[in-house]
Each structure stands twice: as structure tokens, then as C-alpha cells.
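I have placed the structure first, in the form of C-alpha cells, so that the comments after it can refer back to it.
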Amino acid sequence: MNIPRILIAGVCGGSGKTLLSVGLSAVWRQRGYSVVPFKKGPDYIDAAWLSQAADNPCRNLDLFLMSPPTVVRSFVSAANGADVAVLEGNRGLFDGMDARGTYSTAELAKLLHVPVVLAVDCTKATRTIAAVVLGCQRLDEQVQIRAVVLNRTGGPRHELVLREAIERHCGVPVLGAVPRLLQSLFPERHLGLVPPQEHDRVTQAIHQAAGVVEDHLDVEVLWELARQAPVLSTFGEELITDSPTKPIVARIGVFRDPAFQFYYPENLEALTREGGSVIDISPLRDPGLPDVDALYIGGGFPETLASGLADNRSFRDSLRRAIEAGLPVYAECGGAVYLGEQLQVDHTQYPMVGALPVVFALQAKPCGHGYTALDVVGDNPFFAVGESIRGHEFHYTCIQPPSAGDLSFAFHVRRGYGFDGRHDGLCRYNVLASYTHVHAQGTETWAPSLIRAAVRFKSQPSHAGL
């Protein structure tokens, strides 16, 4: 199977991968190509920018959350038929969970046989950058580092020395040099980039990123590199095995607005495939909860939009009544925070839904950040006791006081932090609220179980009165 593809990797986080990936995707889309973007790792925000730039859903490829065959299947299924696939790495090229680089961008590059373009921050360095690139080449020669892009160069002389050193010692071309930009096109805050849902000039930012790539990179040679990617013949056409969609059996409400935006496309597609009719809901704007059989509340930024969420009291009250009547709710991270009694931000208390007997507070540093591994140890609406779940967490909120007390939790935390370092999956009524985000292709029981819970609730006589 011939899928032109290219992976933008970095020596470290902040090396310019997102700027280059977004800009390159936008340039190729503007030239009339069908571009399918991918993000290595569980990141939602970079993926959202890539989706906007390519005008196609960005899918996450993660070897911790998914098995290698599942990663390959996801890539082939989404990229098949496109003109080009643009993959953005995460952190440094060889950075993984341990000293062996387990689950790294390099491992993904080898799995998908994708040519790698290495972005390097050249601030206050010249020939040493050649040593860094050479080290990356030598550390694992199975990784196809085919080109280098210089970032934050200081001027023509700086660029000339860098080019000469890299091409002489490393034998790979330098296909661009991006100077220090006067302002950031993608400003950052506590969870990374400001997401496009909250950015006030999305189109302008993407247009400017495309301009940076057009002005400073050799886009034609990058295109040829993507086309030189080897045929994925060993994976076979049989990997594209879309399961038939079942008839609609339940209405699944999904919170989607600037406050709640962290959803993998595959999660929503899995709900639809299992017979769910997905209904978008905005707790910021809607006056009340519509008629649904279950809720899926993803993560997001309730902390930055706490005032707006608190002001919509009619919606909060309608949701609390529905939960008290038994509505099944699966809530992740920011969704869990919204269901609590209060959210404390900068010494201000904002009332939330009040369905969970906890108060959340925004902290100055992350409470949990990284991959998680959970064991299901308690009864809950969605997972069987004895299951093991892999996911990830990234949150600056935690419960107050930071002790679980007498709360009821479904998950024992083997890796990660969750609510207090030992527990995750807070349960009350028909709610399961977790700091862990799951991917439907890695946790295959998730979507069917949510649909089953919705069908059970729908069949209850009391549901008709909601």
C-alpha cells in the first residue's frame, strides 16, 4: 500500500514541531492536496491545530495506549487514499517511558517506516548542532532521518555555519531554516498551546504558519521525501476492516464547546458504530440538558471558563437532576471537575454541578501528568471488576483536601496519580468520573459498555419523565 508520509520530529519539546507540522499541512492543503494529519502521543491540543490546518480529523498514534497492530491499522485506515500523511512527533525523537525509549516517536517511525525530518532549536549553538544530529542518526540507524530543519536561527551567517556543519558531518540535507520569530503564533499556557477553540485568530495563525513554511522550507523536496516512503506491503489491505455500524439504540450527549474539547475522533466514532446517536451539548450556552440516554463529558478547560460555567445555573441544575435520576455519565478530567460541588481558581469559588461530593482546586503545578495504568477494583456503570485500563492524565486540579476520605472509587492506580495517588474513577449515582483519559482503540470495552448503560437507562419507566 503506497501512502506518501512524513514525520516531523524534534530533539526535544519546544523545538518547533507543531509550527512546522501545522504550517506544512496547511501549505499542502492550500495546494489542493488531501492531507491526513496524525499526532504521536495522547496530546489533544496539537491534534486540534493539525485538524484545523489539514481540514481533516487528526488521529493520535500511541504505542502505550494501543498495540502495534492497532496503531498500524489506525494509520492505514485513516491515511488510505489521501495524497499525503503528516505525522507530528512528541517530545524528543527518542524520548519514551524509560532509558530504552519505550513508546517513543522513534519506535513509531520504525513501525510505520516513515521518513523523519528532524527539527532542531539552534539557539546559541553552531557546529554542536551537527553533533546532536549525528548522535540521533547513530543512536538507532533503523530510524530514517532524511532531513533537518533549523529553528530559531540568528541570521544568515549563523544559518550558513549550521548548514555546512550538518551537511558535512551528517550527510543529510538541511531543508529549511526558520529565524527567531518576533511573536509566537501559538501561545502557551498551563496545559500547552492555547487550543484553537479558544484562540481568537485561528485562521490567521494557521495562515501565518503556512507562510513561515513557504518562506523558509523547501516544500518541494519535502514533498518528494514523503513520496519516497516505502510501500506498506507487509501490512496488507486487510488491515482496513471497518466494522459495520449498528442501528441507533441510544442518544449519547457529548459536551463540546470551548470548555470541553478533548475527544479522540475514534472515541466518538466508536460510540456511533455501537449504535449511539451523538448529540453535541454546550454547558456554556444551552439553557438545559436535552433528552439523552447517557453523557460522555471529555476533558477541557473548566478552570479558564469557570465563570461562564457557573453562570449557567439552569443547565447545571438540569444536569444534577438528571444524574440524581440515574443518567449514566462517563466523565474525564475536566468533565469530572465540572460535576463537583465547587471549583476554586485564584481564591475564587465557582459553583459547579454538585453531583459529586468534592471540591476541586486549581494548583500552580501539575497534580498528575503522564501515562496511567489502572485496575478496576470496584463496581461501576461501565467496566467489569478485574479489567485493566491504560490511559493518560494531565491536570492541574486536585480535590480539596487532597485525601480521598470515604469516597467510592472504581480504580486502583498502578501508574499515575488519579485523585490522590492511589484512587481514580470516582463513583456516585450512575456516574464514573476519572482523571484518566482513555482511547477507544486501546480500551475496546469502553464504547460498548457506555451504550449498554444508555440502553438500560432508556428502558427504565422513570426515564420518560426527564
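Sequential numbering from 1 along the given sequence is applied to the chain's residues.
Taking all atoms of both residues into account, the shortest heavy-atom contact from L225 to A147 is CD1-CB, 3.9 Å. Nearest approach of G253 to I281, heavy atoms of both residues: CA-CD1, 3.6 Å.
Between the side chains of D98 and Y103, no donor-acceptor pair of N or O atoms lies under 3.5 Å.
With sequence neighbours left out, the side chain to side chain contact (heavy atoms under 4.5 Å, CB included) criterion links R127 to A165, H169. By the side chain to side chain contact (heavy atoms under 4.5 Å, CB included) test, S104 is found to be paired with A106, E107, residues two or more places apart in sequence or in another chain being considered. With sequence neighbours left out, the side chain to side chain contact (heavy atoms under 4.5 Å, CB included) criterion links A125 to I129. Not counting sequence neighbours, the partners of R152 by the salt bridge (Lys or Arg N to Asp or Glu O under 4.0 Å) test are D121. Taking R163 as the reference, E159 meet the salt bridge (Lys or Arg N to Asp or Glu O under 4.0 Å) condition, with sequence neighbours excluded. S307 pairs by the side chain to side chain contact (heavy atoms under 4.5 Å, CB included) definition with D311, Y350, not counting sequence neighbours. Scored by the side chain to side chain donor-acceptor pair (under 3.5 Å) test, S388 finds D375 as partners (sequence neighbours excluded). R138 is linked by a salt bridge (Lys or Arg N to Asp or Glu O under 4.0 Å) to nothing, counting only residues two or more places apart in sequence or in another chain.
Sorted by first then second residue, the salt bridge (charged side-chain N to carboxylate O under 4.0 Å, His left out) pairs that include residues 435-448, not counting sequence neighbours, number zero. The stretch residues 55-67 participates, sequence neighbours left out, in these salt bridge (charged side-chain N to carboxylate O under 4.0 Å, His left out) pairs: R59-E266, R59-E269. Applying the ring pair (Phe, Tyr, Trp, His ring centres under 6.0 Å) test to residues at least two apart or on different chains, the pairs with a partner in residues 68-89 are F38-F75.
Counting heavy atoms from C-beta outward, Y435 and T397 have side chains that approach closer than 4.5 Å.
Between F260 and F301, the distance separating the two ring centers is not shorter than 6.0 angstrom. In this structure, H437 has its ring center at least 6.0 angstrom away from the ring center of Y264.
Checking F262, Y417, Y44 one by one against H392, the ring pair (Phe, Tyr, Trp, His ring centres under 6.0 Å) holds for a single residue, Y44.
Under the 3.5 Å distance criterion, the side-chain polar atoms of S449 are matched with a main-chain donor or acceptor of F382.
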Donor-acceptor list for residues 20-30 side chains, cut-off 3.5 Å, not counting sequence neighbours:
| from | atom 1 | to | atom 2 | distance (Å) |
| --- | --- | --- | --- | --- |
| S21 | OG | K17 | O | 2.8 |
| S25 | OG | S21 | O | 2.8 |
| R29 | NE | A53 | O | 2.5 |

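Counted within 6.0 Å of CZ on R31, heavy atoms from surrounding residues, nucleotides or ligands total more than 12; the atom is thus considered enclosed.
Taking 4.0 Å as the cut-off between side-chain N and carboxylate O, E393 and R415 do not count as a salt-bridged pair.
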